[in-house]
Amino acid sequence: MKASEIRKIREMNASELSEKLASLKKDLFFLRMQHATNQLDNPVKIAEVKRDIARVKTIIREQQIAAAK
């Protein structure tokens, strides 16, 4: 994920972030299925999607903490 994409994610609201998280989890599922059936060309893609999921979860948590203050 590039810095410009991270900036766009930080500007999203809670519902958009949850949709993005669901989309990333779906992508991870399909990547794992491809990996299990030996159809995945680039296994590093799994780690990248996991990092993207962690980034989105971090941003969601930061927004929750900011809203609580």
### Message
Quick check: is F29 connected to L21 through a chain of hydrophobic side chains (ILVMFWY, heavy atoms under 4.5 Å apart)?
### Response
no
### Task
Report whether F30 and L40 are members of the same hydrophobic cluster (ILVMFWY, side-chain heavy atoms less than 4.5 Å apart, transitive linking).
no
Minimum heavy-atom distance [X]-[Y], with the two atoms named:
{"X": "L17", "Y": "I59", "answer": "CD1-CG2, 4.0 Å"}
{"X": "M12", "Y": "E16", "answer": "CA-OE1, 3.3 Å"}
{"X": "S15", "Y": "N13", "answer": "OG-OD1, 3.0 Å"}
{"X": "A14", "Y": "Q63", "answer": "N-OE1, 4.3 Å"}

### Message
Holding to side chain to side chain contact (heavy atoms under 4.5 Å, CB included), I want the full list of residues that pass it with N38, two or more places apart in sequence or in another chain.
### Response
none
### Query
What residues, two or more places apart in sequence or in another chain, satisfy salt bridge (charged side-chain N to carboxylate O under 4.0 Å, His left out) together with E5?
none
### Query
Are any side-chain N or O atoms of S23 and backbone N or O atoms of E19, one a donor and one an acceptor, separated by less than 3.5 Å?
no
### Task
For the residue pair L24 and L28, establish whether any side-chain heavy-atom pair is separated by less than 4.5 Å.
no
### Query
Does a side-chain heavy-atom distance below 4.5 Å link E62 with R10?
yes
### Message
According to side chain to side chain donor-acceptor pair (under 3.5 Å), does anything in residues 41-53 pair up with another residue at least two apart or in another chain? List the pairs.
### Response
D52-R55
